[in-house]
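What you see below is based on every heavy atom in this structure, not just the backbone, and it leaves out hydrogens, waters and symmetry mates. Per chain, numbering begins at 1; letters A, B, ... match sequence-line order.
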Protein chains: 2
Amino acid sequence: MGNMKEKIKYVSIDLFFKKGYFATSVSDIARGSGIQKASMYYHYPSKEELLFSILKSTMDDVTAYLKNSISGIRNVEEQMRTAVQSHVRFHLDRQKENFIANSELRGLTQDHYRIIVKKRYEYERIFQNIIQKGGEQGIFVKDDVKILSYAILTLCTSGASWFKPTGRLTVDEIAAIYEKFIINGLKQGQVWSGAT
Amino acid sequence: MGNMKEKIKYVSIDLFFKKGYFATSVSDIARGSGIQKASMYYHYPSKEELLFSILKSTMDDVTAYLKNSISGIRNVEEQMRTAVQSHVRFHLDRQKENFIANSELRGLTQDHYRIIVKKRYEYERIFQNIIQKGGEQGIFVKDDVKILSYAILTLCTSGASWFKPTGRLTVDEIAAIYEKFIINGLKQGQVWSGAT
DNA sequence: ATAATTTTACCGACCGGTCGTTAGATTTCA
DNA sequence: TGAAATCTAACGACCGGTCGGTAAAATTAT
């Protein structure tokens with residue numbers, strides 16, 4: 001926990017996750033960091049900038065993580081499998097930040113809000129492109145691409161709201177279930193219909 | 001808008017949806033209702049009781065709606081199709097309340113929190129029972145029932161966070177896409193896939 | 001090498017304003 | 001007339017944020 005600026009961020013992530021952004025006071029953050037609240041303003045110009053800083057780095061990291069994991073894969077189905085795995089893993093590994101990034105956008109100023117939403121949009125587009133390509137190649141269903149992408153993303157993202165690292169299932173197991181469910185859902189499942 | 005108690009509730013749903021529970025002040029609610037904020041306390045003992053009242057009626061209604069819609073259906077696949085339709089429709093028709101019910105639980109006292117979570121648990125159980133039965137009958141996959149139920153529910157629920165009644169797609173279309181996606185995802189579709 | 005200066009990281013005290021809530025007076029209506 | 005509904009006025013607590021100041025570390029100048 002090197003420097004104080006990082007510690008404040010770390011403590012804030014914890015508190016915002018537990019109590020929410022609005023229910024967390026600057027005094028709470030200061031207390032958790034072991035400083036006076038005035039000292040927080042030395043490191044961040046405002047409470048809102050602190051929130052923005054958390055959301056920004058989370059969005060940048062998740063996008064970099066996804067891009068890196070699917071780079072080089074050409075097969076569309078394999079791309080989607082990998083993308084889902086990447087999405088689930090990041091959201092469970094960095095659960096708190098991701099939960100905040102999906103629930104505390106209302107705490108942002110309009111300018112910051114726009115920046116984060118734009119980053120999110122770019123992230124979603126990666127999934128939408130894969131779904132689109134899969135549809136064109138006849139591998140995936142041809143339903144509305146945006147709806148499908150929202151479905152896939154929120155499905156995995158929601159894991160961040162109930163997942164407990166010490167719980168019954170590991171990240172691997174959860175990722176495997178989601179991957180299977182989503183690929184099944186995306187595929188045109190009627191070929192084998194005679195087997196019922 | 002008959003009596004004031006209902007109007008306050010209606011206005012609060014609107015504001016909690018738009019700005020969030022903590023970011024909405026009692027003054028905001030009073031202003032929207034056309035009364036002084038002290039008058040709100042004649043109808044509700046506290047701001048938190050007002051929130052609880054919203055969440056309670058929403059949960060009671062959604063459960064009644066679901067139970068009613070699947071009663072009498074014996075075929076498991078049809079039960080799931082109907083349950084998904086019911087879930088999606090309720091969440092899009094009463095979008096604001098449902099959004100609040102899924103994002104503002106932190107505003108509750110511990111006692112009220114427990115009551116709402118218990119109601120939610122009962123609702124989830126209905127879906128879990130259907131998945132379980134489908135697994136036993138060999139119709140659905142046999143993966144973890146709870147994970148699958150969370151996946152299905154949050155998928156549909158999330159619609160309440162982006163749906164716009166005036167948007168590109170109707171409730172019917174969205175419900176149809178979700179139904180297809182979920183049933184595909186739940187069915188054992190992997191005979192022809194080969195790649196695991 | 002050391003004295004002068006600037007920067008870093010923090011503090012306690014305090015600001016104006018808003019919060020949820022209450023007491024008690026007043027109006028509305030059956 | 002009496003209860004129901006709403007009002008005005010105020011409460012203490014807390015909010016995010018700012019203030020002037022300070023000890024120590026780092027940098028610069030002599």
Enquirer: Hey, does the side chain of A:S39 come within less than 4.0 Å of C:dC11's phosphate (OP1/OP2), counting only N and O?
Expert: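 Checking A:S39 against C:dC11: at least one side-chain N or O falls below 4.0 Å of OP1 or OP2.
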Enquirer: Does B:S25 place a side-chain N or O at less than 4.0 Å from the phosphate oxygens OP1/OP2 of C:dT18?
Expert: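 So the side chain of B:S25 is outside the cut-off, no N or O lying under 4.0 Å from OP1 or OP2 of C:dT18.
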Enquirer: Could you tell me how far apart A:I29 (CD1) and D:dG17 (C1') are, to the nearest whole angstrom?
Expert: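 My rounded result for the distance is 13 Å.
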Enquirer: For the pair made of CE in B:M40 and P in C:dT21, what is the distance, rounded to whole Å?
Expert: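 One finds 7 Å between P of C:dT21 and CE of B:M40, rounded.
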Enquirer: Over 60° means perpendicular and under 30° means parallel, so tell me whether B:F90 and B:Y65 are parallel, tilted or perpendicular.
Expert: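 Correct class here is tilted.
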Enquirer: Could you verify whether a donor N or O on one side chain and an acceptor N or O on the other, from B:H91 and B:S158, lie under 3.5 Å apart?
Expert: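 No, because no side-chain N or O of B:H91 sits under 3.5 Å from a partner of the opposite role on B:S158.
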Enquirer: What is the separation between atom CG on B:D28 and atom P on C:dG20, rounded to the nearest whole Å?
Expert: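 Result: 8 Å.
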Enquirer: I want to check a possible cation-pi pair here: A:K133 against A:F140, using under 6.0 Å from ring centre and within 45° of the ring axis as the test.
Expert: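 Verdict for A:F140: no cation-pi partner in A:K133.
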Enquirer: Nearest whole angstrom, please: distance from the C1' of D:dT6 to the NZ of B:K5.
Expert: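 Atom NZ in B:K5 sits about 16 Å away from atom C1' in D:dT6.
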Enquirer: What is the distance, to the nearest angstrom, from the OH atom on A:Y41 to the P atom on D:dG21?
Expert: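 So the OH-P distance, A:Y41 to D:dG21, works out to 22 Å.
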Enquirer: Nearest to the side chain of A:K37 - C:dC11, D:dG16, D:dC7?
Expert: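 Nearest listed nucleotide: D:dG16.
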Enquirer: Taking CE from A:M4 and C1' from D:dA24, how many angstroms apart are they, rounded to a whole number?
Expert: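 In whole Å, D:dA24 C1' lies 16 Å from A:M4 CE.
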Enquirer: Please state whether the phosphate of C:dC10, meaning OP1 or OP2, lies under 4.0 angstrom from any side-chain nitrogen or oxygen of A:Q36.
Expert: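 So the side-chain polar atoms of A:Q36 never come under 4.0 Å of the phosphate oxygens OP1 or OP2 of C:dC10.
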Enquirer: Between A:K47 and B:Y42, just flag the one whose closest nucleotide in DNA chain D comes earlier from the 5' side.
Expert: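 Closest to the 5' end, via its nearest nucleotide, is B:Y42.
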Enquirer: Report which part of the nucleic acid A:S33 touches: base, sugar-phosphate, or nothing (heavy-atom distance under 4.0 Å, all strands).
Expert: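 It contacts nothing in the nucleic acid.
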Enquirer: Using only heavy-atom distances, determine whether the side chains of A:Q128 and A:S149 contain a donor-acceptor pair under 3.5 Å.
Expert: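 Side chains of A:Q128 and A:S149: pair found under 3.5 Å.
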Enquirer: Starting at atom CD1 of A:I8, determine the distance to atom C1' of C:dA9, rounded to an integer number of angstrom.
Expert: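 These atoms are roughly 10 Å apart.
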Enquirer: Heavy-atom nearest nucleotide on DNA chain D for A:P45 versus A:A23: which residue maps closer to 5'?
Expert: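 Counting from the 5' end, the first nearest nucleotide belongs to A:A23.
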Enquirer: From CD1 of B:I35 over to C1' of C:dT26, roughly how many Å is that when rounded to an integer?
Expert: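 Nearest whole value for this atom pair: 16 Å.
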Enquirer: Should the ring pair B:F99 and B:F17 be called parallel, tilted or perpendicular, given that the plane angle runs from 0 to 90° and is split at 30 and 60?
Expert: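 If you compare the ring of B:F99 with that of B:F17, the planes turn out perpendicular.
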Enquirer: Does a nitrogen or oxygen in the side chain of A:H43 sit under 4.0 Å from OP1 or OP2 of C:dT8?
Expert: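 Checking C:dT8 against A:H43, no side-chain N or O comes under 4.0 Å of OP1 or OP2.
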